[in-house]
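Presented below is the structure to which this report refers.
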2 protein chains.
Amino acid sequence: MAARRGPYFCGIDAAMDVVSGKWKSLILWELAEHGVRRFAQLRRGLPGVSEKMLVQQLRELEEDGLVRREVFPEVPPRVEYELTGHGVSLNEALAALGVWGVERMRRIGAEKVVHTP
Amino acid sequence: MAARRGPYFCGIDAAMDVVSGKWKSLILWELAEHGVRRFAQLRRGLPGVSEKMLVQQLRELEEDGLVRREVFPEVPPRVEYELTGHGVSLNEALAALGVWGVERMRRIGAEKVVHTP
DNA sequence: CAGTATCCCTATGGATACTG
DNA sequence: CAGTATCCATAGGGATACTG
């Protein structure tokens, strides 16, 4: 489900609401890194995601105004995704969390997901 | 369930893993604000949380090394919770997200949860 | 290529009652 | 006070097959 419209306890609550979902922060990250991405590119960038989940989370991000979706009426079909301004600023707000997470990975000796091309 | 030990895609992934759970970020916030809190105080600070959920999420935070739990062998029983160093630094990393969330609340006109004492 | 449409399982979370 | 113990509903997520 897309994020609710409140009520929220605080800003963290409101922010977590739109990023909660197994793949959302990773999609934001992917889009922030590459700019524009097509469906299949995102799929390859997120090893393990199913088509259903990818579509679903993209639609919710779109509904929450973080991602813009553009359909090109061609054959074969082409759809491009990119961050909106709000998506970009959310990603920037997530940066500190990313740094903390890297430190945690080091601390507990976590592995990184192997990117199988 | 407490956080896994990897593998993770990136730092965001690793960080989100320990904060995902409806009440976790709010518990961290509450503890950061007040320092030491007892069970019943946390319960009052999080309107709507059930005892089961509060216990569960506190235990998971403890297991992940973000919260320290101290039991005082008294009658009536007293248990105090406080952030560990890692909990404090995670909270600091969440600050930027909180700012973004407040801005989002303003944007969509979300209400704040009414704190019923 | 970029999705739908199903089916199905589990984790998450909520309500309530009870206890040392 | 600070929890357990149950029971239950739902949403999140996964696998697979099909389509314009």
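Here is the naming used below: chain letters follow the sequence lines, and residue numbers restart at 1 for every chain. Computed over heavy atoms, backbone and side chain alike; hydrogens, waters and symmetry mates excluded. It should be emphasised that the depicted structure is a prediction, and the values quoted were computed from it without experimental measurement.
Each of Y81(B) and M1(A) was matched to the nucleotide of DNA chain D holding its nearest heavy atom; the match closer to the 5' end belongs to Y81(B).
Checked for salt-bridge contact, E80(A) and R78(A) meet the test: a charged N lies under 4.0 Å from a carboxylate O.
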Item to complete: Report the C-alpha distance between L61(B) and V18(B) in whole Å, list the side-chain angles of each, state the deciding distance to 0.1 Å, and finish with yes or no for side-chain contact (heavy atoms from CB on, under 4.5 Å).
Response: CA-CA 7 Å; L61(B) 288 170; V18(B) 305; 6.0 Å; no

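Residues of residues 13-25 of chain A that place a heavy atom closer than 4.0 Å to DNA chain D, in numerical order, are G21(A), K22(A), W23(A). Listed by residue number, E51(A), K52(A), M53(A), Q57(A) are the residues of residues 48-74 of chain A with a heavy-atom contact under 4.0 Å to DNA chain D.
Linking ILVMFWY residues whenever their side-chain heavy atoms come closer than 4.5 Å, directly or via other members, leaves Y8(B) and V19(A) in distinct clusters. V49(A) and F9(B) end up in the same hydrophobic cluster when Ile, Leu, Val, Met, Phe, Trp and Tyr side chains are linked at under 4.5 Å. In terms of hydrophobic clustering, with Ile, Leu, Val, Met, Phe, Trp and Tyr side chains grouped at heavy-atom distances under 4.5 Å, V88(A) and L58(A) are assigned to a common cluster. F39(A) and V75(A) fall into different hydrophobic clusters, where Ile, Leu, Val, Met, Phe, Trp and Tyr residues are linked whenever their side-chain heavy atoms come under 4.5 Å apart, directly or through other members. Note on V102(B) and V113(B): separate hydrophobic clusters, where clusters join Ile, Leu, Val, Met, Phe, Trp and Tyr whose side-chain heavy atoms are under 4.5 Å apart, directly or indirectly.
Taking 4.0 Å as the cutoff to heavy atoms of chain A, we find the contact window on DNA chain D bounded by dG12(D) to dG20(D).
When the shell of 6.0 Å around CH2 of W29(B) is examined, it contains 12 or fewer heavy atoms from other residues, nucleotides or ligands.
With hydrogens and angles ignored, the 3.5 Å screen pairs a side-chain donor or acceptor of D64(B) with a backbone N or O of A3(B). Of the possible donor and acceptor atoms, one in the side chain of E60(A) sits under 3.5 Å from a partner among the backbone N and O of M1(A).
Note on R43(B): nothing from the nucleic acid sits closer than 4.0 angstrom, heavy atoms only.
Residues in residues 83-105 of chain A take part in these salt bridge (Lys or Arg N to Asp or Glu O under 4.0 Å) pairs, two or more places apart or across chains: E103(A)-R106(A). Residue pairs meeting the salt bridge (Lys or Arg N to Asp or Glu O under 4.0 Å) criterion with at least one member in residues 6-20 of chain A, sequence neighbours excluded: R4(A)-D13(A), R4(A)-D17(A).
Geometrically, R43(B) does not engage W23(B) in a cation-pi contact, judged by NZ or CZ lying under 6.0 Å from the ring centre and within 45° of the ring axis.
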Response to the item:
DNA chain D in dot-bracket form (Watson-Crick or G-U pairs under 3.5 Å, [ ] crossing, | inter-strand) is ||||||||||||||||||||

